[in-house]
Amino acid sequence: MRIVVTGAAGFLGSHLVDRLLGQGHEVIGVDSMITGAAENLQHLKDNTNFHFIQADVTKYIAVSGPVHRVYHFASPASPKDFHRFPVHILKVGALGTLNALGLSKAKNARLLLSSTSEVYGDPEVHPQAEGYWGHVNPIGERSMYDEAKRFAEALTMSYHNQNHVDTRIVRIFNTYGPRMRLNDGRVLPNFVRAALNHEPIPIHGDGSQTRSFCYVDDLLEGINRLMESNVTEPVNIGNPEELTILEFAQEIIELTKSKSTVERKPLPKDDPVRRRPDITRAKTLLNWEPQVHRREGLIRTIEDFRARMK
Ligand code: UDP
């Protein structure tokens, strides 16, 4: 197939491109390079099945020839980006998704929207199943991302219902792995960098908030299965193994054999108290569940960070 991946130079996008090329597809990667990294695609420069288009999806997505699948992964996504690019994030979720859907409609291609657990906001229901509508502050610190993705889901379902575009929606929970930006600002890069430098680990608040971390390969296996399934309602893909941020710090200190201690930092506003996916739908409809244990995934990720920090 000929497959378009928006956000191809990002952490998830670039791993997805590798997976699709490995399956023998032709891939057209699109990225504005606002948060993407050229290094993530460097190894593909001589691959004739891969084409790269530098473009901002909020303007227009021009692709010539047939397209069978569109994986719409473009968006700045870390809380640090929320402060740097709030308006652009809203444009990417709204106009970027509109253009990706327009492309899919024009090419009669199937589109998969990468949505997020952030549509659940600071959840009042635990764990979060797809039937939960969420608890989002529309004008809060994370609203540009949360609301953009909620709008993107609404737009995707509307194109599905009104224009008969074949669509899929994945709600991605915290994911980690090699190629995450070193200074991305998210918890894993911050903790691993500090641990490898034997510097204090910055814990926001008392570290009792929880997250559930999925290894990138597991996530993409689930997403690929969803794309090739006939499931049009949203599906959570994530690892339900939940732990506190303090426990996560301790695990990283142990695995890096670091001398770091933890230091307290203020808890950002609207930081979700707990987050864990209910993956019943993915298990039942896609026969998917994560395979990589956190220890194993963390060891691989720490090795990648160690190499890039040199
Ligand atoms: N966090 C932290 N120290 C950091 C970065 C993040 O304690 O240096 C916390 C953050 O406040 C949140 C959790 O770790 O409670 C996960 O944060 P991340 O930015 O990775 O993503 P989120 O799941 O909040 O979108």
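Ligands are counted one by one from 1 in listed order, and the atoms in each one are counted from 1 as well. The structure presented is a predicted model; accordingly, all values stated were derived computationally and were not measured.
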**Prompt:** Any luck finding a side-chain donor-acceptor pair between Arg275 and Asn174 under 3.5 Å?
**Reply:** yes
**Request:** Would you mind checking which non-hydrogen protein atom is closest to atom 1 (N) of ligand 1, with the distance to 0.1 Å?
**Result:** His204 ND1, 3.2 Å
**Carboxylate-amine/guanidinium proximity below 4.0 Å for Glu118 and Lys149** = no
**Request:** Among all protein heavy atoms, pick out the one at the shortest distance from atom 15 (O) of ligand 1; state its residue, atom name and that distance to 0.1 Å.
**Result:** Asp271 OD1, 2.6 Å
**Request:** Please determine if Arg306 and Glu303 form a salt bridge, counting it only when a charged side-chain N lies under 4.0 Å from a carboxylate O.
**Result:** yes
**Request:** Distance to 0.1 Å, residue and atom name: give those for the protein heavy atom nearest to atom 17 (O) of ligand 1.
**Result:** Val187 CB, 3.9 Å
**Prompt:** Measuring from the heavy atoms of Lys265, does anything fall under 4.0 Å of ligand 1?
**Reply:** no
**Item:** Part of Leu188 with heavy atoms under 4.0 Å of ligand 1, whether side chain, backbone, both or neither
**Value:** neither
**Asked** Should the pair Arg150-Glu147 be classified as a salt bridge under the 4.0 Å nitrogen-to-oxygen rule?
**Response** yes
**Message:** Please classify the Gln209 to ligand 1 contact at 4.0 Å (heavy-atom distances, strictly less than): side chain, backbone, both or neither.
**Reply:** side chain
**Message:** Any heavy atom of Lys80 closer to ligand 1 than 4.0 angstrom?
**Reply:** no
**Asked** Can you tell which part of Pro202 has a heavy atom less than 4.0 Å from ligand 1: side chain, backbone, both or neither?
**Response** both
**Request:** Would you kindly say whether Glu124 and Tyr132 are connected by a side-chain donor-acceptor distance under 3.5 Å?
**Result:** yes
**Request:** Considering only non-hydrogen protein atoms, determine which one is nearest to atom 19 (O) of ligand 1 and report residue, atom name and distance to 0.1 Å.
**Result:** Pro79 CG, 3.3 Å
**Request:** Decide, yes or no, whether a salt bridge links Arg193 with Glu199 under the criterion of side-chain N to carboxylate O below 4.0 Å.
**Result:** no
**Request:** For the pair Lys269 and Asp122, find out whether any cationic side-chain nitrogen is under 4.0 Å from an anionic carboxylate oxygen.
**Result:** no
**Closest non-hydrogen atom pair, Asp146 against Gly121** = OD2-CA, 4.3 Å
**Prompt:** Measuring from the heavy atoms of Phe248, does anything fall under 4.0 Å of ligand 1?
**Reply:** no
**Asked** So which heavy atom in the protein is nearest atom 25 (O) of ligand 1, and how far is it from that ligand atom?
**Response** Arg142 NH1, 3.1 Å
